[in-house]
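Below: one structure in structure tokens.
Keep in mind the model is a prediction, meaning the values are calculated, not measured. Each residue takes its place number in the sequence, starting with 1. Every heavy atom of this structure was used, including side-chain atoms; hydrogens, water molecules and symmetry mates were not.
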Amino acid sequence: MVTDDQALFSRLNLGNINSKDEPLRGSLGCSPDEVQVDSGDGLGENKFIACLRIRKFQKRLLITENVGVEFVAGRRIWLFLFLMKHDERWHADLSLAEPSLPARPGGRIRIEAHRGKSSYAAPPSALNLTYSVDAAMLVPAGTGKIYKGEVKGTCTGNDWLMTDWLADK
């Protein structure tokens with residue numbers, strides 16, 4: 001990606017990653033997910049803050065077992081995905097989409113519950129997922145074989161095992 005233009009990426013509808021999700025969102029009457037990326041204000045090179053608002057998250061996740069958002073930041077296309085894996089447990093995954101270059105991200109992902117009307121006296125506490133810059137280098141899924149021979153310690157995604165927090169009603 002030559003530019004970090006999340007707004008253009010969204011307008012062109014390039015972040016549509018799950019073909020089952022689009023009709024479901026329409027039937028639920030839910031507007032598109034919101035993605036805001038901030039890479040300015042002294043964050044430094046290749047650093048960014050991405051705020052993702054996933055509409056009707058629990059309903060979509062329980063029906064499709066796979067809800068994700070693609071966004072542009074740091075001249076790469078990132079994919080953040082929640083899914084049910086073969087172990088029948090919820091996972092969160094951060095990966096790169098093609099044609100992104102490899103990256104060695106480091107940072108923290110904070111997941112907060114919806115702040116609207118709720119049956120909770122207080123919303124569940126936020127989940128904090130960390131990713132060490134010392135972890136394996138991320139490469140896009142289709143290019144793993146290319147980089148594995150050249151760069152030792154590569155992977156196609158970082159996976160976090162989630163608690164039942166995701167499906168908690």
Side-chain angles (χ1 to χ4, degrees), residues 1 3-41 43-44 46-85 89-98 100 103-118 120 123-133 135 138 140-141 155-169:
M1 297 291 306
T3 182
D4 276 345
D5 196 340
Q6 175 59 38
L8 179 60
F9 187 77
S10 295
R11 277 195 304 274
L12 293 174
N13 198 28
L14 296 175
N16 189 4
I17 56 170
N18 184 349
S19 60
K20 292 189 290 185
D21 195 46
E22 191 69 34
L24 176 62
R25 278 197 346 231
S27 70
L28 292 173
C30 112
S31 53
D33 298 326
E34 288 180 32
V35 178
Q36 292 178 316
V37 176
D38 182 13
S39 57
D41 295 333
L43 287 175
N46 294 324
K47 294 184 181 179
F48 61 88
I49 297 171
C51 296
L52 314 174
R53 184 172 183 189
I54 303 174
R55 310 240 186 230
K56 307 263 184 185
F57 173 74
Q58 288 180 332
K59 288 181 183 178
R60 289 166 55 194
L61 186 64
L62 293 174
I63 293 168
T64 64
E65 297 185 344
N66 178 337
V67 174
V69 177
E70 270 189 334
F71 60 94
V72 175
R75 297 191 314 242
R76 292 168 176 83
I77 303 172
W78 298 87
L79 169 61
F80 193 72
L81 183 67
F82 295 95
L83 69 157
M84 174 76 71
K85 288 200 172 180
R89 296 169 76 182
W90 294 110
H91 293 257
D93 186 73
L94 176 67
S95 59
L96 290 169
E98 289 186 36
S100 298
R104 193 176 300 275
R108 180 178 63 130
I109 298 170
R110 181 178 173 89
I111 303 170
E112 295 180 356
H114 177 64
R115 294 188 195 132
K117 293 179 183 177
S118 173
Y120 291 109
S125 60
L127 293 176
N128 289 300
L129 311 173
T130 57
Y131 194 92
S132 170
V133 75
L138 286 180
C155 67
T156 56
N158 190 55
D159 179 72
W160 291 274
L161 178 64
M162 305 300 290
T163 64
D164 288 336
W165 184 93
L166 288 175
D168 211 3
K169 297 177 182 145

By side chain to side chain donor-acceptor pair (under 3.5 Å) - contacts of Arg55 (at least two apart): Ser31, Glu34
Identify, with sequence neighbours excluded, every residue that meets side chain to side chain donor-acceptor pair (under 3.5 Å) alongside Thr130. none
If you measure from CG on Leu62 to CH2 on Trp90, what distance do you get to the nearest 0.5 Å? 5.5 Å
When rounded to the nearest 0.5 angstrom, what distance separates NE2 in His91 from CG in Leu81?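 If we round to the nearest 0.5 Å, His91:NE2 and Leu81:CG are 11.0 Å apart.
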Evaluate the criterion side-chain contact (heavy atoms from CB on, under 4.5 Å) for residue pair Thr156 and Ser95; output intermediate values, then yes/no. CA-CA 6 Å; Thr156 56; Ser95 59; 6.0 Å; no
Can you tell me how far the CG atom of Asp33 sits from the CG atom of Leu52, to the nearest 0.5 Å? 8.5 Å
Go through the steps for Val69 and Ile54 under the test side-chain contact (heavy atoms from CB on, under 4.5 Å), then give the verdict. CA-CA 8 Å; Val69 177; Ile54 303 174; 3.8 Å; yes
Heavy-atom nearest pair, Ala73 first then Trp78, reads O-NE1, 2.8 Å
Rounded distance (nearest 0.5 Å) linking atom OG1 of Thr64 with atom CG of Leu83: 9.5 Å
Could you check Arg60 against Cys30 for side-chain contact (heavy atoms from CB on, under 4.5 Å), going step by step and ending with a plain yes or no? CA-CA 10 Å; Arg60 289 166 55 194; Cys30 112; 4.3 Å; yes
How long is the gap from CZ on Phe80 to CG on Leu129, to the nearest 0.5 Å? 6.0 Å
List the atom of Arg89, the atom of Met84, and the distance in Å for their closest heavy-atom pair. N-SD, 3.3 Å
Can you give me the closest heavy-atom contact between Ala103 and Leu96, atom names plus distance? N-CD1, 3.8 Å
What is the minimum heavy-atom distance between Ser100 and Pro140, and which atoms define it? O-CG, 3.0 Å
Salt bridge (charged side-chain N to carboxylate O under 4.0 Å, His left out) partners for Lys85, two or more places apart: Asp159
Would you compute the distance between atom CZ of Phe71 and atom SG of Cys51 and round it to the nearest 0.5 angstrom?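 Rounded to the nearest 0.5 Å, the CZ-SG separation comes out at 10.0 Å.
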Closest non-hydrogen atom pair, Glu98 against Ile77: O-CD1, 4.0 Å
Return the minimal non-hydrogen interatomic distance between Glu70 and Val35, and the atom names on each side.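 That closest heavy-atom pairing would be O-CG2, 4.5 Å.
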Taking the six-membered ring for Trp, are Phe82 and Phe57 parallel (under 30°), tilted (30 to 60°) or perpendicular (over 60°)?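 Taking Phe57 first and then Phe82, their aromatic rings stand perpendicular (interplane angle over 60°).
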